[in-house]
2 protein chains.
Amino acid sequence: MSLAHTILASLVHHPTTGYELVKDFNERIACYWQASQQQIYRELSRMEEQGWIEGERVIQSDRPNKKLYRVTELGLKTLKDWLVQPSNPAAIREELLVKVLAGYLVDIAVIRAELERRRNYHQLRLEHYYQTEQEHFQDLDSATLSMQFTYRTLRRGIRYEADWVEWCDETLDWLNGMDQSNV
Amino acid sequence: MSLAHTILASLVHHPTTGYELVKDFNERIACYWQASQQQIYRELSRMEEQGWIEGERVIQSDRPNKKLYRVTELGLKTLKDWLVQPSNPAAIREELLVKVLAGYLVDIAVIRAELERRRNYHQLRLEHYYQTEQEHFQDLDSATLSMQFTYRTLRRGIRYEADWVEWCDETLDWLNGMDQSNV
DNA sequence: ACGCACATGTAAGCCGTTACATGATTAC
DNA sequence: GTAATCATGTAACGGCTTACATGTGCGT
């Protein structure tokens, strides 16, 4: 149910298209909400049916036509009503950890390779977030309230990725130490 | 598909029952894989059908009867084959962050209360993990390989919860600072 | 001619959530 | 008698994943 609310929270800033939303979800929102292109387009249709958003066809000459969505009064009310309700922590289903749990059953090189792959993935995302921080959140004191709240979500992303990198590092250190003692 | 593999990874240590598995998922596994009681029992039935595990009825006089599951050869092979395949990071869908993103739309007291609630939740889990660490992972050097791998997953849980507590704290600090400047 | 960025969709199947359901034994 | 722990299930619904599908305009 909450994908719709995430889209509302993103649309309420400024009207946008499905295509732009997909990019937003990949670049900015991914650190706390993941959704595929198919999900987003389907959800936009449903939300329009319910009257939470309104879509407007925009004819373009230099590019394919697009559909610009904006939040309606009803949509804003829906979002605000949802905002004040308590929410539960997200469910986590992390395959890598299951593989670490059972890592003793297979060649350690396999686990090491996976950990290195994951470390690189999170390092990349971390650098991406740092870049966003420098580009858009340089002067926080003079930023709008909305921007400051947005920055708090970026902070979450930064902490999350940094923490993963550190865990991968400590786990790799332990793996490498283990190897030494087995030589 | 991976709930089955998580169960295999847990069962491969020692045969156990659905009831015990549910407790394991709540206490130990929750930091990287969440599953409900209903899911677990349904998955056990499916896995038995596929021949990955075998269930044995155990008659008890002092307690209700139970069904003890053990991993078959086929199940072990299935697990090992899965272990060596690469896996993607988990998808995150964190409502609280969406609420922070749109937090400027509602009374800040609502957001503050939610942050405090979340901080307490993660603090509790963190303390629970520290307790597990002291009870079961005191002497790592003399522990089995399996135990050491298990400890790595606990470390992930500890880091994860500690990181959440810190983010909640820094966000609450910012919120409180904001209030001051508005007085 | 080809690849890339732009732009929007449909449909099947699997998995997770929610609600419902039952019953034994122990301890207070 | 009643609450807690032990113990195991069924079924409907809704959302997410995966695969499929189509088409424009620009740059090289």
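Below, all heavy atoms of this structure are taken into account, side chains as well, without hydrogens, waters or symmetry copies.
The base of C:dG9 sits within donor-acceptor range of the side chain of A:Gln37, with an N or O pair under 3.5 Å. A donor-acceptor contact under 3.5 Å is formed by the side chain of B:Arg42 with the base of C:dG16.
A salt bridge links B:Arg118 with B:Glu94: the closest approach of a Lys/Arg side-chain nitrogen to an acidic carboxylate oxygen falls below 4.0 angstrom. A salt bridge links A:Asp163 with B:Arg156: the distance from a Lys NZ or Arg NE/NH1/NH2 to an Asp or Glu carboxylate oxygen falls below 4.0 Å. The pair A:Asp24-A:Arg28 counts as a salt bridge, with a side-chain nitrogen and a carboxylate oxygen less than 4.0 angstrom apart.
Nearest to the side chain of B:Leu3, among D:dG9, C:dG16, C:dT8, sits C:dG16. For B:Ala91, counting side-chain heavy atoms from C-beta on, the closest listed nucleotide (C:dT18, D:dT17, D:dG15) is D:dT17. Relative to the side chain of A:Asp62, the nucleotides D:dA7, C:dA7, D:dC26 differ in distance, and D:dC26 lies closest.
Within 6.0 Å of atom CD in B:Glu135, more than 12 heavy atoms from other residues, nucleotides or ligands are found, so the atom counts as buried in its surroundings.
Contact annotation: B:Tyr19 side-chain N/O to D:dT8 OP1/OP2 distance is not under 4.0 Å. Note on A:Arg93: a side-chain N or O is less than 4.0 Å away from OP1 or OP2 of C:dT17. For the OP1/OP2 pair of D:dC6 and a distance below 4.0 Å, the side-chain nitrogens and oxygens of B:Gln60 include no atom meeting the criterion.
Atoms CD1 (B:Ile40) and C1' (C:dC15) sit 14 Å apart, rounded to a whole Å. Atom pair B:Tyr41:OH and C:dT22:P shows a separation of 17 Å (rounding to whole Å applied). Taking atom CD1 of residue B:Ile59 and atom C1' of nucleotide D:dA7, one finds them 13 Å apart after rounding to whole Å. Between B:Asn26 atom CG and D:dT5 atom P there is a gap of 13 Å when expressed in whole angstrom units. As rounded to whole Å, 9 Å separates atom P of D:dT8 from atom CG of B:Asn65. Between the NZ atom of A:Lys67 and the P atom of C:dG9 there is a distance of 5 Å, given to the nearest Å. Rounding to whole angstrom units, NZ of residue B:Lys23 and P of D:dT8 are separated by 11 Å. One can place CD of A:Glu43 at 16 Å from C1' of C:dT10, the figure rounded to the nearest angstrom.
Heavy atoms of A:Ser45 sit nowhere under 4.0 angstrom from any nucleic acid atom. Among the heavy atoms of the strands lying under 4.0 Å from B:Gln38 is at least one base atom, whether or not backbone atoms are also near.
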Working for ring-ring contact (aromatic ring centres under 6.0 Å, His included), residues B:Tyr129 and B:His122:
CA-CA 10 Å; B:Tyr129 289 146; B:His122 292 295; over 10 Å; no

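In this structure, A:Pro64 and A:Arg57 both approach DNA chain C, and ranking their closest nucleotides by distance from the 5' end singles out A:Pro64. Of the two residues near DNA chain D, A:Arg63 and A:Gln34, the one whose nearest nucleotide lies more 5' is A:Gln34.
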